[in-house]
Amino acid sequence: MTKRVLITGANGQLGHEMRNVLDGDDRFEAIFTDVAELDICDAEAVNRAVADNRVDYIVNCAAYTQVDKAEDNVELCRKINATAVENLARAAAACGARMIHVSTDYVFNGRGYRPYTEDMTPDPQSVYGSTKLEGEQALMRLCPQSAIIRTAWLYSPYGNNFVKTMMRLGTERDELSVVADQIGTPTCAADLARAILAVLTAETFVPGIYHFSDEGACSWYDFTVAIHRLAGITCRVKPIRSDEYPSRAHRPFYSVLDKSKIKQTYGITIPHWYESLSHCIEILQETR
Ligand SMILES: NC(=O)c1ccc[n+]([C@@H]2O[C@H](COP(=O)([O-])OP(=O)(O)OC[C@H]3O[C@@H](n4cnc5c(N)ncnc54)[C@H](OP(=O)(O)O)[C@@H]3O)[C@@H](O)[C@H]2O)c1
């Protein structure tokens, strides 16, 4: 039997990759929406979309993702990352649908020194992280038959992201300074989309919180050096401390995620971040 899947935020990085994995897969009838077709802040529209389409799963790729701007746009950020998730959760629960929701490593304070597991206590340090945590909590309260996948440092060939910015700056400038004391894991949105597909196709759906990123860990500095090496860009990259690059939002110093749970539960194999980065840069160079 085909599963009816409603994708929200389908024009974003992850949303695009969900199109790539679901389009043409006859196990699914996918309904792709972004804010023009379905504004997830509109509770009535969400109820109608879920009920009228007799949705089995909602994959929520919509979010307010501008971490620095969120510090000054608290209301809008909370509306999209928390209140709208409540709308989706209520609509899913009312129709017996399941939700797969995406969250962030920024729910943690980043003062840890070993990979974060799902049972570790969140302690967000930014508006973005706090509102994403509020969204998680609302979902678990209103529609516990849901999976929350926390991810990190997402990039893809689509939209704006760190990889594309560093490729552009690397060609415009002779030297770049990049923070070297924040450690995390770059995650290719296509890998996350494949993980979500594994959840959607699993024989048994196991609700709960999961962590997903690509394998390995690095600093933003290491990431930049790798981007330039793979793209053939010869720009000098200088490592700096976070306090030399002040930003509006506080970012975690260490936010590596432990992925054992999702790997064991859903039988997922995850590529190393460098391998996926190499693939993404090939795509970016082919389409330039
Ligand atoms: N990007 C990262 O580094 C990162 C890291 C960790 C976790 N995550 C999480 O991963 C998920 C996917 O992130 P992403 O990078 O793919 O995000 P993205 O590229 O910013 O895409 C989000 C999409 O949601 C849309 N949207 C915003 N408000 C909406 C509304 N009210 N109704 C419907 N759609 C709306 C956006 O439209 P507009 O562009 O028009 O606003 C955009 O198309 C998010 O939950 C995010 O919090 C991302």
Side-chain angles (χ1 to χ4, degrees), residues 6-21 31-46 49-50 58-70 73 75-88 91 99-108 110 116 122 124 126-136 138-139 146-166 182 184-193 195-196 209-214 220 223 249 251-252 255-257 273 280:
L6 175 71
I7 317 294
T8 59
N11 294 347
Q13 299 195 82
L14 178 61
H16 256 105
E17 296 294 1
M18 288 308 302
R19 286 182 199 267
N20 289 343
V21 295
I31 304 133
F32 296 103
T33 64
D34 205 279
V35 66
E37 299 79 31
L38 177 61
D39 178 353
I40 61 168
C41 297
D42 181 343
E44 269 314 301
V46 168
V50 174
I58 300 171
V59 179
N60 183 28
C61 305
Y64 185 101
T65 55
Q66 298 181 73
V67 177
D68 288 316
K69 285 192 179 155
N73 291 321
E75 213 175 302
L76 178 63
C77 183
R78 174 160 291 120
K79 204 171 153 196
I80 298 170
N81 289 348
T83 316
V85 180
E86 281 187 40
N87 296 341
L88 292 165
M99 194 155 142
I100 300 174
H101 175 63
V102 183
S103 191
T104 173
D105 55 333
Y106 284 18
V107 297
F108 295 114
Y116 283 95
S126 61
V127 169
Y128 170 72
S130 302
T131 57
K132 290 294 288 186
L133 180 62
E134 287 168 30
E136 288 187 7
L139 179 56
S146 297
I148 292 169
I149 305 181
R150 293 183 182 139
T151 192
W153 296 24
L154 218 55
Y155 67 89
S156 75
Y158 314 104
N160 294 319
N161 54 58
F162 188 82
V163 173
K164 289 166 88 172
T165 303
M166 288 301 137
Q182 290 172 22
T185 311
T187 302
C188 179
D191 295 333
L192 176 56
I196 292 173
I209 299 179
Y210 295 90
H211 287 174
F212 181 91
S213 70
D214 281 336
W220 292 109
F223 190 21
R251 286 172 167 73
S255 66
V256 178
L257 299 173
W273 67 264
C280 177

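Ligands are counted one by one from 1 in listed order, and the atoms in each one are counted from 1 as well. Numbers here are sequence positions counted from 1. Worth knowing before you read on, the calculation uses all heavy atoms, side chains too, and leaves out hydrogens, waters and symmetry mates.
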Worked verdict on Y64 versus K79 for side chain to side chain contact (heavy atoms under 4.5 Å, CB included): CA-CA 9 Å; Y64 185 101; K79 204 171 153 196; over 6 Å; no
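- Y116 contributes a side-chain N or O that, together with a main-chain N or O of G110, makes up a donor-acceptor pair within less than 3.5 Å.
- The pair D68-R251 meets the salt-bridge criterion, with a side-chain N (NZ, NE, NH1 or NH2) lying under 4.0 Å from an Asp/Glu carboxylate O.
- When only modelled atom types and interatomic distance are considered, T8 and N60 share a side-chain donor-acceptor pair under 3.5 Å.
- No donor-acceptor pair under 3.5 Å is formed between the side chain of S103 and the backbone N or O of I149.
- Within 4.0 Å of ligand 1, counting heavy atoms only, the contacting residues are G9, N11, G12, Q13, L14, D34, V35, L38, D39, I40, C41, C61, A62, A63, T65, I80, V102, S103, T104, Y128, K132, T151, A152, W153, L154.
- For NZ of K69, the number of neighbouring non-hydrogen atoms (other residues, nucleotides, ligands) closer than 6.0 Å is 12 at most.
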